[in-house]
Amino acid sequence: MQVDCNMKKQYILYIFLVVAVLAGIVILAKSSKNPAMVPSGTSTIHVVAAENFYGDIVQQLGGSHVQVTSILSDPNADPHEYESSVADAQAVANAQIVIENGLNYDAWMDKLLSASPNKNRTVLVAGNIANHKLEDNPHVWYVIDNMPTIARSVTNALKKADPVHASVFDKNLQDFVASLSPLQNKITDIHSKYANTPVALTETIYLYQTMPEGLDVLTPIAFERAIAEGNDPSADDVAKTNDQITKKQVKVLIYNEQTITPITTNIQNEAKQQNMSIVGVTETLPANMHYQSWMITELTNLEQALQQTH
């Protein structure tokens, strides 16, 4: 009888151990499938940026604690003609943080967000956050002074998603803001040396920098807006813009390389025939560059072009 009793105890203990092991396997399986069960601070924050320059900034601020997907990333494509894909929709559906420009620049992102509602997802609209805006001009990332404000909003979102690494995010923010000083200094230098120089623009994108640089934009604003919005400018505005080039009323042509039409190509060719300095700018971040190196490269190119006119 004593033997039977011992066998029963061993059998009960064996069953208990089996149940415990199986329960542990189930818990591990669930936690691997559900990131919410991972302890705070140990998981990667999934971020989707509508444009790659915002994605680059998020990467600088989040470091190894973020996984960033940038949707608009082709420097040779026209952002105004972009159409979202199934892969974009999936990325947005899985994102914890989404940053878009807004101001009708990337309206397709709003459609992706509506298709996968998530009350726990943080959505940042840079155009609403920016504190320096021009009327009917969505290109707020071309204002260097907007970037610290936008970066602080990104940092706050990262700290909310991963409070354990808040101090890391704060340090990265501090470094990012400091890295903008050379850009601001370059703009100040251009203003001090070349203010009032007449220039032409094929699009509104660069208005944000010509103003603090003190450059005199002669191109009709209606022409710039029409090209930016994918419309044909009026014949009068086209003629006026062409005359400014052929009669050398402007010293430099600032040309958007990603919004190209027969009209802008003709203007560029006219400028070349006049041996006029042409400065190319883009709407999205070129390959192998950060936001800061992209902006300083364009500013340096403009400064060199202006030097040739004086």
Side-chain angles (χ1 to χ4, degrees), residues 34-36 44-59 61-62 66-143 146-147 149-158 160-161 203-205 208 224-232 256-261 282-287 291 294:
N34 184 2
T44 302
I45 306 170
H46 293 272
V47 183
V48 170
E51 294 82 20
N52 64 351
F53 45 85
Y54 289 131
D56 173 68
I57 292 169
V58 172
Q59 191 68 65
L61 296 171
V66 296
Q67 180 179 323
V68 182
T69 300
S70 295
I71 295 179
L72 279 181
S73 57
D74 185 354
N76 299 312
D78 187 343
H80 303 282
E81 298 179 358
Y82 183 77
E83 294 183 5
S84 58
S85 67
V86 173
D88 298 337
Q90 186 63 46
V92 170
N94 295 331
Q96 295 162 266
I97 300 173
V98 170
I99 179 167
E100 61 175 321
N101 187 74
L103 304 179
N104 294 319
Y105 184 79
D106 42 18
W108 46 267
M109 177 58 85
D110 296 327
K111 296 178 182 178
L112 293 177
L113 290 166
S114 298
S116 59
N118 182 351
K119 64 180 181 180
N120 295 320
R121 180 172 55 211
T122 298
V123 178
L124 303 175
V125 182
N128 295 340
I129 298 167
N131 47 353
H132 300 284
K133 287 178 280 193
L134 295 175
E135 184 179 358
D136 297 326
N137 192 331
H139 310 98
V140 294
W141 64 93
Y142 258 87
V143 182
N146 278 335
M147 305 322 289
T149 306
I150 293 171
R152 276 190 284 272
S153 293
V154 172
T155 299
N156 290 337
L158 294 175
K160 179 181 177 182
E203 218 231 60
T204 58
I205 184 172
Y208 275 113
E224 298 172 45
R225 285 177 176 164
I227 296 297
E229 295 166 3
N231 301 321
D232 289 333
N256 186 340
E257 296 177 348
Q258 284 179 259
T259 303
I260 300 173
T261 71
T282 60
E283 295 198 38
T284 53
L285 184 68
Y291 173 80
W294 173 35

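FYI, side chains are in, hydrogens and waters are out, and symmetry mates aren't considered; it's all heavy atoms of this structure.
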Give me the atom names and distance for the closest heavy-atom approach of [X] to [Y].
| X | Y | result |
| --- | --- | --- |
| Pro138 | Asn101 | O-ND2, 2.9 Å |
| Leu113 | Arg121 | O-NH2, 3.3 Å |
| Gly55 | Ser70 | CA-OG, 3.5 Å |
| Ile45 | Ala161 | CD1-CB, 3.9 Å |
| Ile99 | Val154 | CD1-CG2, 3.9 Å |
| Tyr54 | Met147 | CE2-CE, 4.3 Å |

Spatial distance of atom [atom1] ([X]) from atom [atom2] ([Y]) [nearest 0.5 Å]:
| X | Y | atom1 | atom2 | result |
| --- | --- | --- | --- | --- |
| Asn131 | Asn146 | CG | CG | 5.5 Å |
| Ile57 | Thr155 | CD1 | OG1 | 10.5 Å |
| Asn128 | Lys133 | CG | NZ | 5.5 Å |

Quick check against the 3.5 Å criterion: does [X] have a side-chain atom that pairs as donor or acceptor with the backbone of [Y]?
| X | Y | result |
| --- | --- | --- |
| Glu51 | Thr284 | no |
| Tyr142 | Glu283 | no |
| Glu203 | Ile227 | no |

Verdict with supporting geometry, Asp56 and Trp294, side chain to side chain contact (heavy atoms under 4.5 Å, CB included): CA-CA 11 Å; Asp56 173 68; Trp294 173 35; over 6 Å; no
For a side-chain contact (heavy atoms from CB on, under 4.5 Å) with Glu100, tell me which candidate from Val92, Asp106, Ile71 qualifies.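 Only match with Glu100 under side-chain contact (heavy atoms from CB on, under 4.5 Å): Asp106.
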Within the supplied structure, the quantity of interest is the number of heavy atoms (other residues, nucleotides, ligands) at a distance under 6.0 Å from Asn104 CG; does it exceed 12?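 At most 12 heavy atoms, drawn from other residues, nucleotides or ligands, come within 6.0 Å of this atom.
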Set of side chain to side chain contact (heavy atoms under 4.5 Å, CB included) partners for Asn94, sequence neighbours left out: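 By the side chain to side chain contact (heavy atoms under 4.5 Å, CB included) rule, Asn94 matches Gln90.
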For His139 together with Tyr105, are the ring centres under 6.0 Å from each other? yes
